[in-house]
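Reviewing the structure listed below.
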Amino acid sequence: MMTTQYALIDGNNFYVSCERVFNPALEGKPVVVLSNNDGCAVARSNEAKALGIAMGAPWFKIRHLAQSHGLVALSSNYTLYGDMSRRMMTLIGQYSPDQEIYSIDESFLRFSGFEHWDLTAHGQQLREQVKQWIGIPVCVGLGPSKTLAKLANHYAKKRPAFNGVCNLSVLNARQVDALLADTPVGEVWGVGRRLTEHLAGYNIQTVLDLKQEPAATLRARFGVVMERTIRELNGIACYPLESEPAPKQQIVSSKSFGRPVTEQRELEEAVSDYVARAAEKLRGQGSVCGALQVFIETNPFIPGEPQYHNGAVTRLAQPASDTGALTRQALVGLRKIYRPGYRYKKAGVMLMDLIDGDQIQADLYGDTYNDHYATDRLNDLVDQLNRRYGQGCLRRASAGFTQGWRMRRENLTATFTTDWNGLVCAHA
DNA sequence: TCTGGGGTCCTAGGACCC
DNA sequence: TCTGGGGTCCTAGGACCC
């Protein structure tokens with residue numbers, strides 16, 4: 001008898017792989033994709049990893065490798081990655097009725113009622129089809145819980161013998177434990193740097209060590225999450241598949257500036273811009289927000305420069321999702337916390353107290369549906385145009401025209417899949 | 001010159017209630 | 001000398017994830 005199985009499918013070096021689809025000359029070369037503002041490496045090709053480039057390595061510390069080792073650095077192109085992700089997830093979803101999209105490059109599948117299937121072969125077929133149809137290399141991990149599927153995916157990536165698909169459920173107990181004994185505990189989903197240190201104090205070093213601990217005892221020391229992790233390592237599924245994404249409880253939009261900003265006017269532009277982005281997401285999930293926080297900060301990495309960071313929470317008289325209402329509120333907050341004489345590096349807004357748009361309570365003075373109708377229609381229209389013609393193509397004047405504070409993206413590739421002007425040109 | 005952005009869950013402690 | 005017990009809500013902070 002075989003129980004429900006879980007698979008984790010994960011794009012290898014996803015952002016780099018997306019870029020390589022449209023620029024095959026990048027194959028075999030060390031490539032990194034940089035974070036916003038070209039700040040640090042957030043994706044690395046295997047060749048870049050081999051050069052010793054760590055996840056999150058600041059670009060200014062590794063840029064010398066461009067000269068010496070031919071390292072290629074690209075600005076992150078989230079429009080492209082998001083669209084490639086959507087295509088990849090749709091295809092992966094064909095392989096099971098139950099799918100959870102966990103992140104931009106990771107997806108869980110649940111296999112219930114697949115007792116007579118060879119899931120390893122199923123995984124191989126998935127892998128080949130995604131490579132052929134989407135152009136992205138993926139690895140597949142299979143096991144009786146999400147935590148084990150995650151771990152299996154790690155083996156699928158790191159151990160060539162698995163040929164990209166590791167199914168822990170077809171190995172015998174001794175083989176599985178041998179793998180776990182050869183893996184540091186920090187590789188487990190949910191065990192980060194701090195917990196790894198803490199566990200080391202109890203001489204728990206490998207995944208097998210953790211698996212063999214009594215779950216209830218470790219709960220007392222480490223909390224309920226650790227108990228679940230141990231159970232999951234023992235094949236007892238504690239985390240269900242979440243096929244419907246839960247609506248967000250808060251929506252944040254914040255970014256560092258491309259250069260230091262000192263003028264209140266420019267901060268207002270940036271905050272207006274971020275509010276518009278956040279409000280679009282808010283409407284996208286059909287929510288309204290009851291409160292809004294705006295924050296600004298200087299650059300803590302410049303020692304000796306006067307530092308200031310502050311935030312202001314303001315509550316809306318009535319929950320709203322209208323960009324205009326939220327922008328006015330945010331600017332009130334910003335004016336409270338703005339202090340001249342500082343070089344600001346970053347600003348952001350956070351929409352809080354989100355509730356479903358249908359559950360909005362009329363206020364004491366009888367605000368009605370009709371009062372909102374016009375602004376709702378306007379917001380819908382703006383959202384549609386921005387989806388069609390690109391983010392920010394239509395925006396409020398308060399978000400500014402020149403936007404000189406915008407982030408730097410010096411090595412940005414084209415949006416190959418979402419923009420006619422970005423189409424790749426093939427030479428005969 | 002140059003160090004990302006966007007989330008979640010859990011726990012502990014205080015205020016407050018009956 | 002005695003000074004309950006149980007519950008909720010809120011917040012801050014810590015830990016994790018990609």
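Note on naming: letters A, B, ... go to the chains in the order of the sequence lines (proteins, then strands), and numbering restarts at 1 for each one.
A distance-only check finds no donor-acceptor pair linking the side chain of A/Asp383 to the backbone of A/Glu280 [under 3.5 Å]. Side-chain atoms of A/Arg87 never come within 3.5 Å of backbone atoms of A/Ile134 as a donor-acceptor pair (strictly under, hydrogens ignored).
Between B/dT8, B/dG5, B/dC10, one nucleotide has an atom nearer to the side chain of A/Lys255 than all others, and that is B/dG5. Nearest nucleotide to the side chain of A/Ile302, out of B/dC10, B/dC2, B/dG6: B/dC2. For A/Val252, whose side chain is taken as the heavy atoms from C-beta onward, the closest listed nucleotide among B/dT11, B/dG7, B/dT3 is B/dG7. Residue A/Pro58 places its side chain closer to B/dT3 than to any other of B/dT3, B/dC10, B/dG7. Listed nucleotides: B/dC2, B/dC10, B/dG5. Nearest to the side chain of A/Val224: B/dC10. Of all nucleotides listed (B/dT3, B/dC10, B/dG5), B/dT3 comes nearest to the side chain of A/Asn299.
When the P atom of B/dG4 is taken as reference, atom OH of A/Tyr81 falls 17 Å away, rounded to whole Å. The CD-C1' distance, from A/Glu100 to B/dT8, rounds to 13 Å in whole Å. In this entry the distance linking CD1 of A/Ile62 with P of B/dT1 reads 19 Å, nearest Å. Rounded to whole Å, atom P of B/dT3 lies 18 Å from atom CD1 of A/Ile53. If you measure from atom OH of A/Tyr274 to atom P of B/dG4, you get 13 Å, rounded to the nearest angstrom. A/Asp38 places its CG atom 11 Å from the C1' atom of B/dG4, with the value rounded to the nearest Å. Atoms CD (A/Gln293) and P (C/dT11) sit 12 Å apart, rounded to a whole Å. To the nearest angstrom, P of B/dC2 lies 12 Å from CZ of A/Arg63.
With ring centers used as reference points, A/Phe222 lies under 6.0 Å from A/Tyr202. Between A/Tyr308 and A/Tyr342, a ring centre-to-centre spacing shorter than 6.0 Å is recorded.
When side chains are defined from C-beta on, A/Tyr81 does not count as touching A/Asp105, because their heavy atoms never get closer than 4.5 Å.
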For this session: Report, as a single string ordered 5' to 3', how protein heavy atoms within less than 4.0 Å touch nucleotides 12-18 of chain C: B base, S sugar-phosphate only, - not at all.
Result: ---SSSS
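Nucleic acid contact class of A/Leu34 (heavy atoms, under 4.0 Å, all strands): none. Backbone-only contact: A/Asn36 has heavy atoms under 4.0 Å from sugar-phosphate atoms and none from a base. Within 4.0 Å (heavy atoms only), A/Ser253 reaches sugar-phosphate atoms of the nucleic acid but no base atom. Residue contacts for A/Arg228: at a heavy-atom cut-off of 4.0 Å it reaches the sugar-phosphate backbone alone, with no base atom in range.
Between A/Lys248 and A/Val42, the residue whose closest nucleotide on DNA chain B is further toward the 5' end is A/Val42. DNA chain B is contacted by both A/Arg408 and A/Lys346; A/Arg408 maps to the nucleotide lying nearer its 5′ end (nearest heavy atom per residue).
Screening A/Tyr95, A/Trp189, A/Tyr6 for a ring pair (Phe, Tyr, Trp, His ring centres under 6.0 Å) involving A/Phe108 leaves a single residue, A/Trp189.
Side-chain N/O atoms of A/Lys345 include none lying less than 4.0 angstrom from OP1 or OP2 on B/dT1. For the OP1/OP2 pair of B/dG6 and a distance below 4.0 Å, the side-chain nitrogens and oxygens of A/Ser254 include at least one atom meeting the criterion.
On the C1' atoms, C/dG4 is 16 Å away from B/dC16, given to the nearest whole Å.
The line from CG of A/Leu210 to OG1 of A/Thr183 is 12.0 Å long, rounded to the nearest 0.5 Å. Atom CG of A/Leu74 is separated from atom CG of A/Leu34 by 7.5 Å, given to the nearest 0.5 angstrom.
Here the shortest heavy-atom pairing between A/Lys157 and A/Cys139 reads CG-SG, 3.6 Å.
If you check B/dC18 for Watson-Crick or wobble pairing at under 3.5 angstrom, you find it paired to C/dG5.
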